[in-house]
Amino acid sequence: ETVTVQELAEKLKKTAAEVIKKLMNLGVLATINQEIDFDTAALIAGEYGVEAELKVAVDKEALIMTEPEDDPAQLVPRPPVVTIMGHVDHGKTSLLDAIRQTNVTAGEAGGITQHIGAYQVEHNGKKITFVDTPGHAAFTAMRARGAQITDIAILVVAADDGVMPQTVEAINHAKAANVPIIVAINKMDKPEANPDKVKQELTQHELVVEDWGGDVIAVPVSAKTGMGLDNLLEMILLVAEVHELKANPNRPARGTVVEAELDKGRGPVATVLVQNGTLHVGDTIVVGHAFGRVRAMIDDKGRRVKKAGPSMPVEILGLSDVPEAGDILVVVEDEKLAREVAEKRQLRKREEILKATAKISLDDLFKHIQEGQIKELPIILKADVQGSIEALAQALEKLSTDEVKVNLIHSGVGAINESDIMLATASNAIVIGFNVRPDANARKIAEAEKIDIHLYRVIYEVIDDVKKAMSGLLDPEY
Ligand code: GDP
């Protein structure tokens with residue numbers, strides 16, 4: 001990064017002669033067309049009281065986000081990262097639980113399993129990482145933010161139910177992400193299980209299983225009895241081997257946030273899946289708009305660890321703020337640089353929120369009243385973890401129709417507070433709390449302002465109620 005004396009003078013609205021004189025004061029002899037480096041230019045700019053960092057700050061962000069190429073000789077195989085998808089009630093959660101329970105290795109038996117958003121199991125001496133927020137909503141929310149962490153998608157289809165709408169959605173999401181699919185035909189213990197029907201239905205979605213001449217691996221399993229689980233893990237390792245998943249553990253870490261929350265005692269806590277390099281306690285990191293130094297790391301068995309290599313999920317403590325699922329973690333040498341980049345991002349985020357709210361409360365509401373055409377249901381959403389927000393936001397967005405648009409004007413982790421209610425008042429929004437409650441102050445103001453607060457513990461109830469609210473906004477049909 002260099003600049004000529006002439007260019008610098010123009011930027012500072014000074015004559016070249018003045019700049020040359022300043023340079024001489026610094027002991028630098030320069031001509032008008034001479035290139036000077038950024039640090040020198042910044043010094044001169046500083047002399048004139050001008051901040052010369054703006055353009056460079058953008059470059060700093062690029063600098064920390066650019067991934068250096070790995071020397072192929074440094075690459076070693078890494079565990080596959082697996083996400084389980086499928087229709088509701090087909091057994092995603094049961095499978096995740098069953099796999100986890102049956103594959104606790106002897107040395108880990110004492111550890112208390114922690115739900116940190118992902119976990120690792122070992123099969124025949126090889127590790128597999130499972131992302132333990134099932135479903136394609138969370139998967140795609142992350143992908144939408146540019147983070148792809150999944151190497152293999154397990155498509156769970158209940159043998160007694162067959163391919164259902166969300167099965168098809170999951171197939172499409174996995175295909176869009178170009179992620180290989182392994183089908184787990186679940187609930188094989190049930191007398192009415194009909195795996196052939198499942199296979200037949202899958203062919204309608206271009207998934208032809210191996211015993212029907214295709215190349216899709218299908219494994220009959222039962223999350224209830226544990227049948228077929230070993231085989232499923234075997235197949236995961238096989239597909240992983242074919243795809244030659246590799247990483248370089250000998251470099252600063254890079255990872256993705258799978259879950260984050262504000263813990264009362266511990267402060268911001270984020271579960272990060274390390275994707276490349278090794279993360280160490282003490283590393284300085286930038287994670288989305290948060291930064292900090294890794295104060296402690298805890299694995300999925302609740303044990304403190306000092307380092308985390310490729311494909312390992314860990315909870316990290318020490319961040320300045322709660323990041324969002326899908327945010328990228330990078331290790332930065334320089335603490336000042338970390339802070340700078342994070343603060344820039346915070347500022348940008350705040351501006352975006354401000355813009356969005358100003359638009360809703362004035363513009364859109366006005367339009368809404370005037371035209372009476374496009375109707376909106378503004379929603380404010382608070383939840384206990386970022387993962388729930390991502391999932392709900394996705395689901396709510398899908399409810400929008402031509403007549404009524406669901407508009408998530410604000411969402412965040414934590415209790416419903418005064419500012420949420422004020423925003424709701426300003427924009428005529430309904431307030432939804434998922435596994436969180438309003439604090440005393442918020443409750444008082446909500447009552448005074450006649451703002452509805454809806455509290456839920458089940459995602460489907462949220463969707464149901466919002467649907468109802470939307471139909472209330474629809475024009476009556478005659
Ligand atoms: P999810 O919505 O896909 O996460 O599904 P769940 O894991 O919550 O399972 C839905 C229901 O199916 C629960 O009542 C489970 O006990 C049941 N279930 C899951 N797997 C099996 C299985 O392999 N066999 C039988 N019989 N029931 C199962």
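As a basis for the values below, the full set of heavy atoms in this structure was taken, side chains included, without hydrogen atoms, waters or symmetry mates.
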Aromatic ring centroids of F434 and Y456 under 6.0 Å?
no

Per the salt bridge (Lys or Arg N to Asp or Glu O under 4.0 Å) rule, what does the pair list look like for residues 286-295, sequence neighbours excluded?
R293-E335

Would you call D283-K307 a salt bridge at under 4.0 Å N-O?
no

Filter on salt bridge (Lys or Arg N to Asp or Glu O under 4.0 Å), then keep only pairs touching residues 261-281, sequence neighbours left out; what's left?
D263-R266, R266-E315

Output yes when a side-chain donor or acceptor of D384 lies under 3.5 Å from a complementary backbone atom of V436, and no otherwise.
no

Verify, without hydrogens or angle tests, whether T150 (side chain) and T83 (backbone) share a donor-acceptor contact under 3.5 angstrom.
no

Run E340 and K344 through salt bridge (Lys or Arg N to Asp or Glu O under 4.0 Å) and show every step you take.
CA-CA 6 Å; E340 232 174 273; K344 275 261 141 61; 5.6 Å; no

In sequence, state the C-alpha distance, the side-chain angles, and the governing distance for R78 and D151, and then conclude on salt bridge (Lys or Arg N to Asp or Glu O under 4.0 Å).
CA-CA 11 Å; R78 64 168 176 84; D151 300 308; 2.9 Å; yes

Got Y119 and I99 here, is their nearest side-chain heavy-atom distance under 4.5 Å?
yes

To the nearest 0.5 angstrom, please state how far the CD1 atom of I453 sits from the NZ atom of K382.
10.5 Å

For E10, side chain to side chain donor-acceptor pair (under 3.5 Å) partners two or more places apart
Q6

Polar side-chain atom of T4 near backbone of E7 as donor-acceptor pair, under 3.5 Å
yes

So do T31 and V5 actually touch side chain to side chain, heavy atoms under 4.5 Å?
no

Report the C-alpha separation of D132 and H115 in whole Å, then their side-chain angles, then the decisive distance to 0.1 Å, and conclude whether the side chain to side chain donor-acceptor pair (under 3.5 Å) test is met.
CA-CA 8 Å; D132 104 10; H115 276 270; 3.1 Å; yes

If you define the side chain from C-beta out and look only at heavy atoms, does anything of Y460 sit under 4.5 Å from V88?
yes

With sequence neighbours left out, what residues match A393 under side chain to side chain contact (heavy atoms under 4.5 Å, CB included)?
L408

Test side chain to side chain donor-acceptor pair (under 3.5 Å) applied to R251 - qualifying residues, sequence neighbours left out
D70

In terms of heavy-atom contacts, does CG of N25 have more than 12 from other residues, nucleotides or ligands at under 6.0 Å?
yes

How would you list, by chain and number, every residue that makes a side chain to side chain donor-acceptor pair (under 3.5 Å) with E35, sequence neighbours excluded?
T2

Does any N or O in the side chain of D420 come within less than 3.5 Å of the main-chain N or O of N417, such that one atom is a donor and the other an acceptor?
yes

Counting N and O atoms only, with roles assigned by atom type, does the side chain of Q346 sit under 3.5 Å from a partner on the main chain of H289, one being a donor and the other an acceptor?
yes

Side chains of I416 and L455: does their closest heavy-atom pair fall under 4.5 Å?
yes

Can K126 and E241 be counted as an ion pair, charged N to O under 4.0 angstrom?
yes

